[in-house]
Amino acid sequence: MAEKEAKIGVEKHIRITDEETNRQIDRVLKLPEYKSFNQVVNDALFYGLPILCEKLFGEAELSEETAPPSQRQSFGGLDEKSFNVLVRLMKETVLNVTINKSILSSLFHGKCLEYKGCKVDAENFESGVISDTPDYLNDYEISGLKKCGGNKK
């Protein structure tokens with residue numbers, strides 16, 4: 001006697017009675033990331049059900065940061081493992097840029113102090129006390145980040 005394989009999730013059947021809804025589903029199904037009717041309906045429920053519950057019960061919250069189920073394992077055509085590698089490499093790059101920026105800022109401030117005839121305190125230099133980004137570059141950086149769509153506080 002063969003054992004039945006356990007299914008993940010709950011199986012429900014629906015009937016689409018509205019032609020416009022059916023056209024919208026067919027339109028979404030033409031996108032390459034959607035392989036099945038089930039996937040479209042699950043994403044529609046993911047986005048729409050919290051809104052309906054909020055309207056009816058005032059209890060659900062819609063989180064824009066959470067990806068729908070169909071998009072959780074793929075990121076712009078990348079599988080999750082490749083995406084995680086890219087994220088790790090980007091974090092390493094940001095860390096290295098931050099370290100370089102700090103070192104260069106310390107050298108900048110040290111040289112400015114020398115030009116002013118002041119002695120550079122080695123302890124302050126080593127501890128990073130003078131590693132802040134120069135004001136004129138800080139303003140330039142903030143302006144550039146705003147143009148890129150980023151925000152720096």
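Quick caveat, the model's predicted, so the values are computed rather than measured.
- Within the model, atoms OG1 of Thr21 and CD of Glu19 stand 10.0 Å from one another, a figure rounded to the nearest 0.5 Å.
- With sequence neighbours excluded, no residue satisfies side chain to side chain donor-acceptor pair (under 3.5 Å) with Asp139.
- The side chain to side chain donor-acceptor pair (under 3.5 Å) search around Lys35 returns none, not counting sequence neighbours.
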Only distances under 3.5 Å count here; give the side-chain donor-acceptor pairs of residues 22-30 to other protein atoms, sequence neighbours excluded, each with its distance to 0.1 Å.
residue : atom : partner : partner atom : Å
Arg23   : NE   : Glu20   : OE1          : 3.4
Arg23   : NH2  : Glu20   : OE1          : 3.3

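- Connection of Ile130 to Tyr115 is not established within any shared hydrophobic cluster, with ILVMFWY side chains joined at heavy-atom distances below 4.5 Å, either directly or through further cluster members.
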(message) If you apply the rule salt bridge (Lys or Arg N to Asp or Glu O under 4.0 Å), what do you find for Lys146 with Glu141, and how did you get there?
(response) CA-CA 9 Å; Lys146 285 180 182 175; Glu141 181 183 25; over 6 Å; no

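- By the 6.0 Å contact criterion, OH on Tyr140 is open, its count of non-hydrogen atoms from other residues, nucleotides or ligands being 12 or less.
- Under a 3.5 Å cut-off, the side chain of His109 and the backbone N or O of Ser131 do not form any donor-acceptor pair.
- In this structure, the separation between CG on Asp132 and CG on Asn138 is 8.5 Å, given to the nearest 0.5 Å.
- Evaluation of the side-chain contact (heavy atoms from CB on, under 4.5 Å) rule for Glu114 yields Lys111, Val120 as partners, not counting sequence neighbours.
- Remark: Ser127 engages no residue in a side chain to side chain donor-acceptor pair (under 3.5 Å) (not counting sequence neighbours).
- With sequence neighbours excluded, the residues that form a side-chain contact (heavy atoms from CB on, under 4.5 Å) with Asn38 are Ser36, Asn42.
- Once rounded to the nearest 0.5 Å, the distance linking CZ of Phe108 with CG of Leu137 reads 6.5 Å.
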For a quick test of your reading: what N or O donor-acceptor pairs under 3.5 Å do the side chains of residues 85-100 make, sequence neighbours left out?
residue : atom : partner : partner atom : Å
Arg88   : NH1  : Glu92   : OE2          : 2.7
Thr93   : OG1  : Leu89   : O            : 2.9
Asn96   : ND2  : Glu92   : O            : 3.3
Thr98   : OG1  : Val94   : O            : 2.8
Asn100  : ND2  : Asn96   : O            : 3.3

